[in-house]
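Structure first, then comments.
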Amino acid sequence: MTIEKPRVRFAPSPTGTLHIGGAHTALFNWLWARHTGGTFVLRIEDTDRERSTKEFEQSILDGMRWMGLDWDEGPDKEGSYGPYRQSGRMENYKKYADQLLASGLAYEQDGAVFFKVPEGKLITFDDAVYGHIEVMSEKASVNQDGTIKDIVIIKKDGMPTYNYAVVIDDHTMDINTVIRGEDHIINTPKQILIYQALGLEPPTFAHLPMILGKDKKKLSKRHGATSVFDYNDMGYLPDGVFNFLALLGWSPRSGQEIFSREEAVELFELSSVTKKPAVLDMDKLNFVNQEQMKRMEPHKLLGVIRPFWTKMGLKPETFSDDYLASALHTMGGRGQTTIEVAEYSDYFLSFDVVRERYDASEITEEKRPLLKKFYGELTEKCAEWTPEAMEIFTKEWIAANESSMKEVALPLRWALTGRKVSPGVFEVAAQLGREECKNRLNYYNLLG
RNA sequence: GGUCCCAUCGUCCAGAGGCCUAGGACACCGCCCUUUCAAGGCGGCGACACGGGUUCGAAUCCCGUUGGGACCGCCA
């Protein structure tokens with residue numbers, strides 16, 4: 001038996017945007033294709049004429065690109081198995097339906113074509129994740145009252161149904177590995193019945209555990225974000241979402257939890273996917289997202305933070321990229337989302353935001369003379385405007401003037417940033433530059 | 001109701017009969033560093049759902065119970 005390279009597919013229906021569950025499925029398909037050197041096919045399942053729209057299709061494609069999931073064949077990238085939209089593959093559905101009709105395994109009724117579900121056949125398959133599964137054919141498709149329900153394969157409007165179209169498409173597109181959500185495990189026997197009726201070999205199935213909300217129910221709009229773009233707006237990086245999603249239902253043998261796309265591709269194994277449904281934990285997403293930002297080169301991070309600064313009303317375009325990247329570097333990993341990073345670093349781009357926060361009562365009048373003296377000397381006499389030099393200068397000064405680091409550094413942070421929390425105050429001062437520091441201190445009458 | 005699936009800390013994962021007095025991560029709590037923490041370091045809390053087997057030995061295998069999930073559309 002020859003081992004053929006996997007041809008996998010992600011087959012969304014354009015009746016909504018790419019949500020987290022879909023992104024998870026797409027991600028695992030992509031990971032497996034890239035890990036094995038196989039092919040990743042994107043197929044649009046637009047047989048629902050009522051609800052499918054071009055806009056949704058576009059947003060799904062955009063969502064996948066945002067996640068960094070590229071496909072080898074798809075609606076916008078024709079390969080030798082096209083078309084890549086089901087609406088363009090009607091002859092296939094007709095051809096195989098005719099074959100079923102001719103062999104008496106299907107029949108027409110009320111303008112639709114039904115596949116006759118046989119009785120007494122044991123349907124089995126070996127799921128790459130869930131293992132051996134078997135169901136009796138008469139249980140594969142039933143009515144609410146438990147009686148056998150023949151499967152509609154061609155709807156009255158002439159369009160194929162899901163369970164039928166997948167079979168025909170997966171077969172005609174040479175898909176040999178079907179990776180999809182666990183909610184489809186129950187559909188698999190029906191599909192296998194159709195494969196068998198047509199005398200076709202079913203592909204390997206690999207079902208992925210569901211992603212549940214905090215309430216342990218299947219993810220839905222109730223759980224907040226739907227589209228992956230909502231995650232972007234909430235401050236999450238593609239790398240963060242990618243990394244986080246990869247950890248739902250899978251983990252590398254090494255136990256490594258923070259990894260790049262390349263590392264994930266290298267480490268991924270379908271055989272180590274878990275079966276238990278996973279609850280989506282935003283705390284963990286926050287953590288992973290933060291770790292991914294920490295690993296980003298500052299100029300690259302700048303690219304994702306910039307729009308958030310702009311959205312806050314700041315004007316990053318008035319600063320050089322080097323200054324801004326350096327400011328982000330100074331932040332030292334503070335902030336879990338791009339929104340937080342943008343907010344926590346606002347004082348590097350504007351003194352106005354500092355003035356809005358500044359509360360004069362924080363600096364008592366008795367302390368003012370001492371502070372004025374110190375800040376005046378620091379800004380004039382500290383030879384080099386670097387964190388190291390400032391720290392040495394300050395330590396010597398407080399020793400000579402019987403003051404303390406706390407006494408002088410806290411008000412300095414307050415005047416410079418309008419915040420009680422920030423990176424090391426001398427690093428902030430160095431980043432702001434000597435002149436800007438003098439301006440801010442002078443504004444508050446803190447320069448002697 | 002029926003069918004299918006699942007079952008280790010609150011959450012995500014390790015664990016494929018002895019290495020487990022069950023390991024890591026997030027969260028939480030505490031301590032330390034320090035000019036502050038939203039950064040960094042250290043530590044703590046915390047789970048094999050239950051009951052039967054099998055075995056010298058079970059978190060790991062089998063059965064049952066319970067719990068949870070998914071699906072039962074001419075939606076996908």
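Just so it is clear: chains get the letters A, B, ... in the order the sequence lines come, proteins before strands, and each one is counted from 1.
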Any strand is fair game: report the nucleotide pairing with [N] by Watson-Crick or G-U wobble, both distances under 3.5 Å, or none.
N	value
G44(B)	C28(B)
G57(B)	none
C74(B)	none
C19(B)	none
C33(B)	none
G64(B)	C50(B)
A38(B)	none
C4(B)	G69(B)

Verify the contact: side-chain N or O of [X] to OP1 or OP2 of [N], cut-off strictly under 4.0 Å; return yes or no.
X	N	result
K294(A)	G40(B)	yes
K149(A)	C74(B)	yes
K217(A)	G69(B)	yes
K155(A)	G73(B)	no
R419(A)	A38(B)	no
Q256(A)	G24(B)	no
T47(A)	A76(B)	yes
T274(A)	C13(B)	yes
K139(A)	C71(B)	no
K216(A)	G68(B)	no

Can you tell me how far [atom2] of [N] sits from [atom1] of [X], to the nearest Å?
X	N	atom1	atom2	value
F125(A)	U3(B)	CZ	C1'	13 Å
R43(A)	A76(B)	CZ	P	13 Å
N286(A)	A27(B)	CG	P	9 Å
D127(A)	A70(B)	CG	P	18 Å
L212(A)	A70(B)	CG	C1'	9 Å
E427(A)	A38(B)	CD	P	17 Å
K116(A)	C74(B)	NZ	P	16 Å
R334(A)	U35(B)	CZ	P	14 Å

- Task: With ring pair (Phe, Tyr, Trp, His ring centres under 6.0 Å) as the test, would you mind laying out the steps for Y236(A) and F244(A) before giving the verdict?
- Result: CA-CA 10 Å; Y236(A) 299 102; F244(A) 172 68; 8.5 Å; no
- Determine whether the aromatic ring centres of F351(A) and Y444(A) lie less than 6.0 Å apart.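 So the answer is yes for these two rings.
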- Message: In the structure I gave you, are the side-chain heavy atoms of P411(A) and Y375(A) within less than 4.5 Å of one another anywhere?
- Response: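 Counting from C-beta outward, P411(A) and Y375(A) do come under 4.5 Å.
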Minimum heavy-atom distance between [X] and [Y], given as atom pair plus value:
X	Y	answer
E384(A)	A389(A)	O-CB, 3.2 Å
S422(A)	V428(A)	OG-CG2, 3.9 Å
S350(A)	L314(A)	CB-CD2, 3.7 Å

- Item | Listed nucleotide nearest any side-chain atom of N187(A), set C6(B), A76(B), A39(B) |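 Taking heavy atoms from C-beta onward, the closest nucleotide is A76(B).
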